[in-house]
Amino acid sequence: MDRGRQEYLAEFYHLLRKVGHRIKQEIAREVQEISFAELAILRYVLEHGPVSVGSLAQGFSVSKSFVTATAEGLVRRGYVEKEVDPGDRRIVRLRVTPDGERFYREIERRIAARFAEILEKLGEDLLESCVRSLRILDEALGPGTSDAERGV
């Protein structure tokens, strides 16, 4: 039985949202120490070096107050430190501490181990097919959005 294109598109959209939600749930199970937003900010600051609260807010499409409040949890835990820009004291930059980097690397290791466990169920051929399909979808989407949005 040949299904219509609209039905496939609707199912694809539904499955993509469902899988995305389940991936976030799996990450949340592995990372109970901090929130998903804190993890995304920690990752972004680690990958991009000291970054201003304003540029983070813009990249994640959230308010500066949200970034500031979220970053405070990371600062309290000693994973991130704030530094005032000497050229413009209104600008506050976030920098990952050595403890923050160690913590993030451990979280990353745990998440990778969990997904290796999940993906092991697919077998080599199906995993290769899934990766190929995701690459094609990524290319079809065209140039990416900001790095911050990809990390969320």
Side-chain angles (χ1 to χ4, degrees), residues 1-64 66-81 93-152:
M1 180 158 81
D2 188 25
R3 292 173 57 185
R5 182 172 176 76
Q6 289 298 88
E7 288 179 44
Y8 278 116
L9 291 173
E11 183 177 7
F12 179 84
Y13 177 72
H14 170 74
L15 287 170
L16 195 59
R17 286 185 54 149
K18 180 180 178 183
V19 168
H21 179 72
R22 294 192 64 198
I23 286 172
K24 282 186 176 182
Q25 287 178 321
E26 288 297 323
I27 291 171
R29 280 190 195 100
E30 290 301 318
V31 185
Q32 296 179 6
E33 300 95 322
I34 64 174
S35 72
F36 196 79
E38 288 172 320
L39 182 64
I41 287 174
L42 183 61
R43 177 185 159 273
Y44 186 85
V45 175
L46 182 61
E47 290 179 355
H48 296 90
V51 62
S52 73
V53 169
S55 64
L56 267 171
Q58 187 175 25
F60 281 104
S61 299
V62 296
S63 69
K64 285 183 186 179
F66 176 81
V67 171
T68 299
T70 304
E72 277 305 314
L74 296 169
V75 170
R76 275 193 307 276
R77 290 180 188 92
Y79 298 152
V80 168
E81 57 190 14
R93 296 192 190 286
L94 302 175
R95 174 191 304 276
V96 176
T97 66
D99 283 346
E101 183 169 357
R102 276 190 294 280
F103 174 76
Y104 181 80
R105 298 294 178 216
E106 173 58 21
I107 293 297
E108 194 174 56
R109 186 201 61 75
R110 287 175 15 208
I111 292 169
R114 177 64 183 129
F115 279 94
E117 183 183 303
I118 292 167
L119 296 173
E120 188 67 32
K121 298 173 187 175
L122 297 181
E124 192 73 27
D125 291 342
L126 190 51
L127 179 58
E128 184 181 327
S129 178
C130 287
V131 169
R132 192 172 39 252
S133 296
L134 287 172
R135 282 185 189 138
I136 291 167
L137 178 58
D138 186 46
E139 288 174 19
L141 289 169
T145 56
S146 75
D147 289 331
E149 289 171 332
R150 282 196 299 270
V152 173

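Starting from 1, each residue takes its place in the sequence as its number. These figures come from a predicted structure and were not determined experimentally. Note that these values count all heavy atoms, side chains included, but never hydrogens, waters or copies made by symmetry.
The two residues Leu42 and Leu74 come nearest to each other via the heavy atoms N-CD1, 4.2 Å.
Under the side-chain hydrogen bond (donor to acceptor under 3.5 Å, both in side chains) criterion, Ser52 pairs with Ser55, not counting sequence neighbours. Legend: residues meeting side-chain hydrogen bond (donor to acceptor under 3.5 Å, both in side chains) with Glu33, ordered by chain and number and at least two apart, are Arg110. Listed by chain and residue number, Arg29, Arg114 satisfy the salt bridge (charged side-chain N to carboxylate O under 4.0 Å, His left out) test with Glu26 (two or more places apart in sequence, or in another chain). Partners of Arg22 according to the salt bridge (charged side-chain N to carboxylate O under 4.0 Å, His left out) rule, which considers only residues two or more places apart in sequence or in another chain, do not exist here. Looking at residues two or more places apart in sequence or on another chain, you find a side-chain contact (heavy atoms from CB on, under 4.5 Å) between Ser35 and Ala37, Glu38.
Taking CD of Glu108 as the reference point, atom CD of Glu106 lies at 10.5 Å (rounded to 0.5 Å). With rounding to the nearest 0.5 Å, the separation of CG in Leu94 from OG1 in Thr68 is 8.0 Å. Taken to the nearest 0.5 Å, the OH atom of Tyr44 stands 7.5 Å off from the CZ atom of Phe60. With rounding to the nearest 0.5 angstrom, the CG atom of Asp99 is 10.5 Å from the CD atom of Glu81. Atoms CD1 and CD1, from Ile111 and Ile23 in turn, are 11.0 Å apart once rounded to the nearest 0.5 Å. Atom CZ in Arg105 sits 12.0 Å away from atom CZ in Arg102 (nearest 0.5 Å).
A 6.0 Å sphere centred on CD of Glu120 holds no more than 12 heavy atoms belonging to other residues, nucleotides or ligands.
Pairs engaging residues 47-64 under the salt bridge (Lys or Arg N to Asp or Glu O under 4.0 Å) rule: Arg43-Glu47 [sequence neighbours left out]. Sorted by first and then second residue, the ring pair (Phe, Tyr, Trp, His ring centres under 6.0 Å) pairs with a member in residues 12-33 form an empty list; sequence neighbours excluded. The ring pair (Phe, Tyr, Trp, His ring centres under 6.0 Å) pairs that include a residue from residues 95-140 are Tyr79-Phe103, where partners are two or more places apart or lie in different chains.
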Considering only distance and modelled atom types, tabulate donor-acceptor pairs under 3.5 Å from the side chains of residues 124-142, sequence neighbours left out.
from: Glu128; atom 1: OE2; to: Arg132; atom 2: NH1; distance (Å): 3.3
from: Ser133; atom 1: OG; to: Ser129; atom 2: O; distance (Å): 3.0

